[in-house]
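Written below as structure tokens is the structure these notes are about.
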Amino acid sequence: MDWNALEQKWIKAWNEEKLFESTPDGRKKFFVTFPYPYMNGYSHLGHFYTLMRVEAFARYKRLRGFNVLFPQGWHCTGSPIEAAAQRIREKEEKQWKIMRDMGFPDKEIEKFGKPEHWVEYFPVEYRKDYERMGLAIDFRRSFITTSLNPRYDKFIQWQFRKLKEKGYVAKGRHAVVWCPKENTPVGDHARVEGEGETPQEFVLLKFRFDDAFLIAATLRPETVFGQTNLWVGPDITYVKADVDGETWIISEPAVKKLQEQDHAVRVVGKLLGKDLLGKKAVAPMIDRDIPILPASFCNPDKGTGIVTSVPSDAPDDYIGLRDLQRDKVLQQRHGLDAAMVDAVKPIPIIVTKEYGDQAAVKVVEDMKIKSQHDRAKLDEAKHLVYKAGFYAGTMGVAAGKHAGKPVKDVKDVIRDELVKKKQATLFYELTGKVVCRCLTQSVVKIVDNQWFVTYGDKKWKKITHQALNKLTLYPEKARQQFDYVLDWLNDWACTREYGLGTKLPWDQNWVIESLSDSTLYMAFYTISHLLEHVPVDHINDALFDFVFLGLGNVPSVPHASEMRKEFLYWYPVDFRNSGKDLIQNHLAFYIFTHTAIFHKSHWPAGIGVNGWVTVDGEKMSKSKGNFLLLRDLPPKFGVDPSRLTILSGGESLDDPNWDSELARTVSNKLESMHEFCVEHHDKGRADVKAIDKWFVAKLGQLAKECTDAMELTLFRTAIQKGLFELQSVLKWYLKRCGIPNKKAINQYITTQILLLAPFTPFICEETWKAIGKEGFVTNAAWPRGKEAKPEDLASEDVVRLVLDDVRQVLNIVKKEKPARITLIVADTWKHDLFKLLSQHKTIKNPGELIRTVMATALRQHGEEVTKILPKVMNKLPDALLTAEIEHAALKDALDFFEKEFNCPVVVQKESESQEPKAKQALPGKPAIVVA
RNA sequence: GCGGAGGUAACGAAGCGGUCAAACGUGCCGGAUUCAGGAUCCGGUGGCUUAGGCCUUCGCAGGUUCGAAUCCUGCCCUCCGCACCA
């Protein structure tokens with residue numbers, strides 16, 4: 001089949017008819033959206049799956065009579081485009097390679113040095129791809145984001161002014177990864193080293209030391225009660241510095257870090273670690289004198305280069321202490337008093353079931369760690385101790401008023417107490433080394449004019465929960481995750497100093513960050529095609545207030561009333577679908593923002609989430625070479641087969657798998673489906689046989705099951721029912737019916753085309769037309785189906801079962817050409833028994849069931865009943881036939897059996913049969929004798 | 001570690017207390033048709049079996065039950081997220 005020609009033909013036809021340009025009318029509406037993709041590369045298979053879920057749902061709803069709106073915008077906000085452009089300009093190898101891999105010649109790549117070029121280039125390509133895939137999108141409403149689109153820009157400004165009015169935008173302090181040379185934050189994309197590293201909160205403990213403080217950084221403030229000593233590196237140079245009016249002793253590199261974190265630091269002197277050894281300092285919280293001892297693991301680049309020692313709960317400290325206590329030479333070299341060193345003993349502070357009250361000691365001894373140089377083992381030990389201590393431990397008596405409480409509950413309390421007493425202060429350190437693109441090592445900076453959207457606001461959370469409770473989730477089981485996320489979300493830094501976007505209206509130094517500008521824009525779709533025709537200077541807050549909130553009089557702006565009408569008609573969004581990874585940010589933000597700005601009736605009505613695409617069982621990645629772009633699909637597989645394949649790959653939250661093999665074979669399947677329909681339409685006999693009724697009942701049943709699946713966006717199941725099962729039912733029918741019944745086969749054909757239409761619209765249009773239907777199948781009416789009654793299917797079930805069973809028998813006896821086959825229908829008393837059993841389905845105990853049966857006239861077959869009952873009690877057919885009907889059904893199928901087995905077939909009743917096997921017969925399962 | 005979703009035959013994936021050796025699809029094997037087929041059709045695809053049966057399987061180990069892939073407990077493994085990034 002020439003898929004390409006077919007696709008072009010129908011895309012053209014749809015476009016000419018403006019099929020997907022949706023306008024408000026009297027019908028019920030259905031509004032779907034796919035989050036606008038980011039314009040820094042071509043659309044790929046991952047998009048395609050999510051997109052197809054939206055598309056299939058949209059087309060299905062259209063068939064169900066809804067006026068469907070499916071718009072699509074293009075996202076350009078944020079730093080990746082700008083960063084990539086910069087890398088192009090800087091001729092960075094990696095970025096150039098990415099562009100070459102996308103198929104751009106070097107001359108073209110140059111152009112991508114300008115961020116604007118990305119924004120001009122990719123939306124066009126995306127539209128081509130999406131149109132090519134047959135997506136039912138109203139492209140009149142497409143737009144790009146950022147200030148490059150002044151209308152959208154104004155909308156985002158309006159949105160942020162609204163949020164601020166409501167008190168949901170606030171200024172605050174924020175720790176960021178910072179380049180001290182360029183004086184900018186260093187995002188992941190701008191790093192040559194250290195992707196994924198983030199600022200981590202440390203507590204700086206202050207140890208009184210004469211008129212100064214020794215400063216030690218810790219991640220575990222709750223362990224202050226077990227401090228026994230301090231560690232310094234004997235050969236490390238420390239500085240004495242004036243910090244915010246106090247004198248601190250810290251390592252040299254710590255000075256710069258503190259300065260970036262809002263501390264006034266002035267170095268006043270230097271000293272070596274060994275100068276401090278043997279002296280004592282007063283430990284915070286416990287107010288005790290503790291000695292200063294040497295350790296090899298002190299690192300001037302980490303924290304302050306001074307470490308507080310808690311040997312009970314820090315393996316490093318314990319082993320450091322043990323090493324030192326055993327090493328008299330070392331003690332002497334540093335002039336340490338042996339008695340003092342030996343007097344240092346771990347102090348139990350945290351109790352865990354696994355490790356008792358001195359976890360570090362226990363773990364180090366258990367693991368037989370030899371010295372502080374055994375890094376790998378020590379790290380493992382640290383991990384074990386921390387895990388047990390923090391999550392499962394409780395504070396011991398040494399913790400005073402905190403004794404008996406879970407560690408994870410009091411950690412922050414103790415930290416705050418220390419800070420309040422001015423015995424500690426907070427400090428941020430990177431989780432790992434980060435190097436900026438300018439090759440400078442990054443630090444943590446506290447920015448105090450950062451803007452936040454206050455998702456941490458309790459009242460706002462409560463309202464958002466209400467919105468969540470009201471909306472439909474596809475699938476429902478994602479709800480728990482949503483609920484959790486709404487509670488867990490905290491204030492979100494919503495502005496950047498760098499990147500494309502909309503400037504924060506009241507603070508032009510900031511650009512609104514990409515996840516923050518994409519929370520309300522679905523409303524923009526309802527008016528974007530009209531707003532296009534409004535001069536930019538007419539667009540202001542009053543207009544948006546009117547259109548989206550119904551505030552004020554009709555502004556004297558072209559289309560103002562019409563825009564209001566569009567918004568009221570289309571909103572809320574009925575289905576917004578994305579990958580499950582977006583639950584914790586985008587989708588949550590989306591609900592939040594809607595509740596903040598829009599009326600309740602415009603809050604999201606439905607959200608879908610889905611898994612991550614794999615390709616032929618493997619994760620899709622560029623390095624594996626299995627990275628499929630949308631544009632690769634049509635030439636390789638055809639659009640319809642691709643659409644069907646991607647949705648067959650999985651559903652719900654599972655990761656769907658793209659099966660290339662299926663894509664190839666399904667193409668043939670669709671083609672023969674088409675040929676069959678064309679060939680058989682409106683042909684056949686007029687008289688109605690039992691098998692025709694069965695077929696029609698099955699068609700109704702499958703259409704019903706398919707419909708149920710569609711409603712839940714279980715598209716894999718829908719395809720299963722609507723294509724594969726329907727085909728196998730058809731096959732059986734054709735095998736059984738002789739010449740098909742005209743009405744039945746016509747019903748099959750329309751059912752088949754319509755059930756497939758949301759998935760494979762091209763071939764369906766073609767078939768639809770070929771069988772002489774008017775108009776587009778895209779606009780036809782969906783067959784909702786009808787549940788079949790089991791008794792309508794039961795006769796045929798017997799025939800199918802007999803066919804299978806005879807085959808099995810023939811297989812076992814290895815007889816290929818039987819001389820004759822006898823089918824024996826069970827006695828009426830067995831049918832009575834089955835009927836009785838089906839009335840007592842609730843009785844699950846065989847003994848009780850036998851007793852029940854024996855209480856009836858069936859007692860006269862007592863012996864046999866006892867024998868067969870346990871075997872059959874759980875295998876009753878869906879519907880029971882009488883012996884007569886079963887007999888008739890088999891007789892009716894004699895021709896069929898004889899043809900299938902190529903031998904004479906006879907049907908008998910058990911009572912008239914001479915065959916010894918006759919008594920094996922059961923209702924719905926005749927005895928079989930092959931000769 | 002936490003929150004969520006999962007682990008089923010060669011693979012993808014249904015099933016979620018009894019009709020389960022387990023739908024459907026792909027792959028594979030055999031047959032038919034064909035000059036030919038990556039086309040179509042038919043049959044097979046855990047093991048044993050000359051009568052529709054039996055045996056072993058649904059991450060691992062226990063348990064509940066007359067009965068467990070399905071329920072409970074513990075453990076192991078995979079995926080998503082744990083943030084200021086799209």
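All chains are named by letter (A, B, ...) in the order of the sequence lines, taking the proteins before the strands, and each is independently numbered beginning at 1.
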[N] and [M]: how far apart are their [atom1] atoms, nearest whole angstrom?
N      : M      : atom1 : answer
B:rG17 : B:rA69 : P     : 13 Å
B:rG43 : B:rU8  : C1'   : 25 Å
B:rG6  : B:rC16 : C1'   : 14 Å
B:rG15 : B:rU70 : C1'   : 8 Å
B:rG7  : B:rG27 : C1'   : 22 Å
B:rC41 : B:rU33 : C1'   : 8 Å
B:rG81 : B:rC54 : C1'   : 49 Å
B:rG53 : B:rU40 : C1'   : 36 Å

What I want to find out is whether [X] reaches [Y] closely enough, with some N-O distance under 4.0 Å, to be called a salt bridge.
X        : Y        : result
A:Lys830 : A:Glu910 : yes
A:Arg736 : A:Glu796 : yes
A:Lys917 : A:Glu915 : no
A:Asp487 : A:Lys461 : no

Using purine N1 to pyrimidine N3 plus N6-O4 or O6-N4 for Watson-Crick, or N1-O2 and O6-N3 for G-U wobble, both under 3.5 Å, which nucleotide pairs with [N]?
N      : answer
B:rG38 : none
B:rC82 : B:rG1
B:rU33 : none
B:rC28 : B:rG44
B:rG18 : B:rC66
B:rC75 : B:rG59

**Prompt:** When A:Phe452 is tested against each of A:Thr495, A:Asp491, A:Val169 for side chain to side chain contact (heavy atoms under 4.5 Å, CB included), which residue passes?
**Reply:** A:Asp491
**Message:** Assuming nearest nucleotide by heavy-atom distance, tell me which of A:Trp612 and A:Pro926 is located more 5' along RNA chain B.
**Reply:** A:Pro926
**Item:** Earlier contact from the 5' end, RNA chain B, for A:Val929 and A:Phe452
**Value:**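 Upstream on the strand: A:Val929.
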Can you measure [X] atom [atom1] to [N] atom [atom2] for me and round it to whole angstrom units?
X        : N      : atom1 : atom2 : result
A:Ile646 : B:rG12 : CD1   : P     : 16 Å
A:Leu670 : B:rG25 : CG    : C1'   : 14 Å
A:Leu734 : B:rC42 : CG    : P     : 10 Å
A:Glu651 : B:rG25 : CD    : C1'   : 14 Å
A:Gln808 : B:rG53 : CD    : P     : 7 Å
A:Gln720 : B:rA13 : CD    : C1'   : 9 Å
A:Lys580 : B:rC79 : NZ    : C1'   : 6 Å
A:Leu714 : B:rA14 : CG    : P     : 10 Å

**Item:** Gap between atom OH of A:Tyr590 and atom CG of A:Leu515 - 0.5 Å precision
**Value:** 15.0 Å
Looking at every strand, decide which applies to [X] at a 4.0 Å heavy-atom threshold: base, sugar-phosphate, or nothing.
X        : value
A:Asn490 : base
A:Ala927 : base
A:Leu489 : base
A:Asp491 : base
A:Lys669 : nothing
A:Gln920 : base
A:Asn585 : base

Do any side-chain nitrogens or oxygens of [X] fall under 4.0 Å of OP1 or OP2 in [N]?
X        : N      : answer
A:Arg807 : B:rG52 : no
A:Ser514 : B:rC85 : no
A:Lys619 : B:rU78 : no
A:Ser672 : B:rU40 : no
A:Lys477 : B:rG6  : yes
A:Gln480 : B:rG4  : yes

**Heavy atoms of other groups near A:Asp2 CG, more than 12 under 6.0 Å** = yes
**Prompt:** Is the number of heavy atoms from other residues, nucleotides or ligands under 6.0 Å of A:Lys835 NZ greater than 12?
**Reply:** no
Nearest to the [X] side chain among [options], which nucleotide is it?
X        : options                : answer
A:Glu661 : B:rG81, B:rA23, B:rG27 : B:rG27
A:Pro80  : B:rC85, B:rG52, B:rG25 : B:rC85
A:Trp492 : B:rA83, B:rG12, B:rC24 : B:rA83
A:Ala493 : B:rA39, B:rC80, B:rC84 : B:rC84
A:Trp488 : B:rC2, B:rC82, B:rA86  : B:rC82
A:Tyr38  : B:rC41, B:rA86, B:rC85 : B:rA86
A:Gln481 : B:rC80, B:rG52, B:rG4  : B:rG4
A:Lys731 : B:rA86, B:rC42, B:rA83 : B:rC42
A:Val930 : B:rG52, B:rC41, B:rA51 : B:rA51
A:Leu515 : B:rU26, B:rA83, B:rC85 : B:rC85

**Asked** In terms of the angle between their ring planes, are A:Phe122 and A:Tyr126 parallel, tilted or perpendicular, with boundaries placed at 30° and 60°?
**Response** perpendicular
**Message:** Parallel, tilted or perpendicular: which one describes the rings of A:Tyr521 and A:Tyr36, with boundaries at 30° and 60°?
**Reply:** parallel
**Request:** Could you tell me whether the side chain of A:Asp805 has a donor or acceptor atom within less than 3.5 Å of a complementary atom in the base of B:rG52?
**Result:** yes
